[in-house]
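First the structure, in the form of structure tokens, and then the observations on it.
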Amino acid sequence: MKYLHLIWAALFRRKTRTILTLVSITAAFLLFGLLDAVRVSFEQAGQSVNGAERLQTQSRLSFIQTLPSALESRIAAVDGVKDVAYANWFGGAYQDPHNQIFTFAVSPNYLDVYPEVEVDPAQRKAWDATQNGILAGEALIKKYGWKIGDKIPLQSQIFPNKEGSKNWNFDLLGVMKSKDGKAFQSQMIILHWKNFDETTPYNRGQVGWYISRVKDVNDADRVAKAIDALSANSDHETKTMTEQAVMANWIKQSVNISLIVTSIMGAVFFTLLLLTGNTMMQAVRERTSELAVLKTIGFSNTSVLGMVLAESVLLLLLGGIIGLALVSVLSPAISQGSGGVLNLPRVGGTTWVLGVALALAIGLVIGGLPALRAMRLNIVDALAGR
Amino acid sequence: MSTLVEIRNVSKVYERGKQKVEVLHHVDLNIAQGDFLALMGPSGSGKTTLLNLIGGLDSPTQGQISVGGARIDNLNQGALAKWRASNVGFIFQFYNLLPMLSAQKNVELPLLLTKLGAAQRRKNAAIALQLVGLADRAGHKPTELSGGQQQRVAIARAIVSDPTLLVCDEPTGDLDRQSAEDVLGLLQTLNRQHGKTIVMVTHDPKAAEYASHTLHLDKGALVEQAAHV
Ligand SMILES: Nc1ncnc2c1ncn2[C@@H]1O[C@H](COP(=O)(O)OP(=O)(O)OP(=O)(O)O)[C@@H](O)[C@H]1O
Ligand SMILES: [Mg+2]
């Protein structure tokens, strides 16, 4: 600690260079923090406390295949099932095909199996009573500036209405909020399955998937097997999973977030290693005579080694901490800006620990060689400029 | 006067690849406590090499060196570093101050190796700066000081931990006449008033006049023509 001012002074010996290096380190850790947040947000998706309580039943073949609506009563009759809801994929785009909104056509009791989703009772009542009504997630309403009572035009990718047009018009009757801000319904629109089924000539009593709640969480495995047994050897065999598993499967099928994050970070940190490694090497080479003076005065080889190592670790820690602090500031803004599509978590303890550990490790690696050089520096040669 | 530095049959051989260069040949030398010795000689005669051996920056290939009765020729690097920290002050031709640190902080450097607390370090460094007449420049960085002033800061740094021995390698080699005289006067004061033993390498006969006597080195051997001034 006595040497801190020496290390600090050495670090900022070349202000511009150090600041530029610091900026690249900060940028790398900013990227690290943001990507890690994205990874975590995907991991957390569907991890509501009730997750294990809810089971999702879909076609064994693919989640695009539909199931007969007659299954509803049979699933409800399975021992251990508390209640059953169902939904269909609608797939709506608002105004521009790029504005994709998760839109589901759902059974009347759909919201009952998602108690974490809050809807004002009066709005819920109005929606229940209006066949063409929809409820929209809080995040969407904010993003598009909708008001209750608005007519919302939505374009389905697949389903035409009675007139054969894929442009549907709905009445916005209420807002879905989520207590902890995590429920995906806050980024979703739901319409009545009945409306959907009666309007599009394509559906005819088919259901996309069933969501059932079990009476006892510890009984979920047995219940899931019993539900799948209902359709065994039929032309619509089912697969029942926890919501988490469904979500994880879905994400895994679309993208390997972990792999993407890991490979981007690998490339970034590899570049950082080369860049900062080179900077540190250069910084120490320039300081040869100063290091020789320290040794002349009586600083031991190990303390010179330690000081150079500390310098590179300090550089990395500075950049890392600034980078992660920026993530803390930026990620709420990004979440908001994404209109709720990305729900970046706060920079958590694990991210900080990981980031700081990474900074330490990189600091030690890039400081290692110059530090050894400094330690082995021969005073007499260095003083003579050899 | 008692002997402070005792050099017995010291040789120094540098190896350049396969080639061996003997830079010092069987040097014998006693330096008395309180002496101010000037070392002169042609370039390449081994002055710096001998000075580095006396200051414990390097070890001889052969022979014995004791300072204050303690052998230093057989110490390892770590032990030598410790020994230097408490026994020798170094003054170089190009001052060798740390450019990022103020004069005050430069002078405090050797004290970081002692047990002194921060306040005491600050106080001692301030006293040393006062002694070299630069109390008012304590906050200045080396680049904000003239060559002569930088050399005086270096002298303050060399004496701050109160070593018995000062070794100076061409301390005035880079200074104008006036600054050189200031620095030499200061060294003389340190020698006469404060009892520091000084060994100074110089090319300049005028500088050597400040010393109590001068030794000549030629091709790695001392030449018998010591003369008192
Ligand atoms: N580390 C070393 N490796 C190889 N040769 C060396 C080394 N140090 C010194 N020498 C050689 O030893 C000889 C004496 O060097 P030294 O630096 O002691 O001379 P000097 O008297 O101080 O000269 P100058 O007046 O030019 O400073 C020179 O020929 C030099 O090249
Ligand atoms: Mg020399």
Side-chain angles (χ1 to χ4, degrees), chain A residues 1-19 21 279-280 282-308 310-312 314-315 371-386, chain B residues 12 14 16 23 44 48-53 55-59 76-102 104-118 121 141-142 154 157-158 160-161 163 167 169-170:
Chain A
M1 268 303 131
K2 264 205 296 200
Y3 299 167
L4 190 63
H5 75 280
L6 287 183
I7 296 161
W8 190 263
L11 190 54
F12 287 96
R13 191 174 181 277
R14 294 271 168 126
K15 271 207 187 68
T16 320
R17 184 177 64 197
T18 301
I19 286 168
T21 311
T279 308
M280 273 308 292
Q282 210 177 323
V284 166
R285 203 174 300 136
E286 280 167 6
R287 276 211 314 275
T288 303
S289 68
E290 286 161 46
L291 290 166
V293 168
L294 287 180
K295 287 189 173 193
T296 301
I297 288 173
F299 284 78
S300 68
N301 287 345
T302 35
S303 47
V304 172
L305 173 100
M307 272 153 68
V308 174
E311 181 183 335
S312 70
L314 187 64
L315 178 71
L372 273 178
R373 223 186 129 99
M375 181 179 100
R376 295 207 183 118
L377 191 74
N378 178 292
I379 304 175
V380 172
D381 285 345
L383 285 177
R386 266 187 290 264
Chain B
K12 180 70 187 177
Y14 284 116
R16 271 270 162 84
V23 178
T48 298
T49 305
L50 182 58
L51 198 69
N52 288 343
L53 292 176
L57 285 177
D58 206 354
S59 297
N76 64 26
Q77 282 196 32
L80 265 183
K82 270 209 191 94
W83 178 81
R84 286 195 302 272
S86 45
N87 292 285
V88 198
F90 292 88
I91 297 154
F92 304 101
Q93 178 174 1
F94 298 109
Y95 334 127
N96 282 345
L97 300 174
L98 299 201
M100 289 297 298
L101 300 183
S102 66
Q104 167 82 24
K105 289 287 175 197
N106 263 290
V107 176
E108 278 183 37
L109 272 181
L111 299 178
L112 291 176
L113 299 168
T114 65
K115 289 198 182 75
L116 298 180
R121 292 201 296 269
K141 296 261 172 71
R157 180 178 69 185
V160 73
S161 50
V167 301
D169 199 347
E170 301 185 35

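Lettering of chains follows the sequences in order, A, B, ..., and the numbering in each one begins at 1.
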**Q.** Region of B:Phe92 in contact with chain A, defined by heavy-atom distances below 4.5 Å
**A.** side chain

Q | Largest heavy-atom contact set with chain A, pairs under 4.5 Å, which of B:Pro110, B:Pro99, B:Ala158, B:Pro163 | A | B:Pro99

Q: With a 4.5 angstrom heavy-atom cut-off, could you sort out which part of B:Leu109 is near chain A: side chain, backbone, both or neither?
A: both

Q. What closest approach, in Å, do A:Gly298 and B:Ala85 show between heavy atoms, and which atom pair accounts for it?
A. CA-CB, 4.1 Å

Q: Quick one: closest heavy-atom pair of A:Val380 and B:Leu57, and the distance?
A: CG2-O, 3.8 Å

Could you list each donor and acceptor atom pair linking chain A to chain B at less than 3.5 Å?
unit_1, atom_1, unit_2, atom_2, d
A:Lys2, NZ, B:Leu112, O, 2.6
A:Lys2, NZ, B:Thr114, O, 3.0
A:Lys295, O, B:Arg84, NH2, 2.7
A:Thr296, O, B:Arg84, NE, 3.0
A:Asn301, ND2, B:Gln77, OE1, 2.9

Q. Checking A:Ile379 against chain B: side chain, backbone, both or neither under 4.5 Å from a heavy atom?
A. side chain

Q: Compare all side-chain heavy atoms of A:Phe299 with those of B:Leu113 and state whether any distance is below 4.5 angstrom.
A: yes

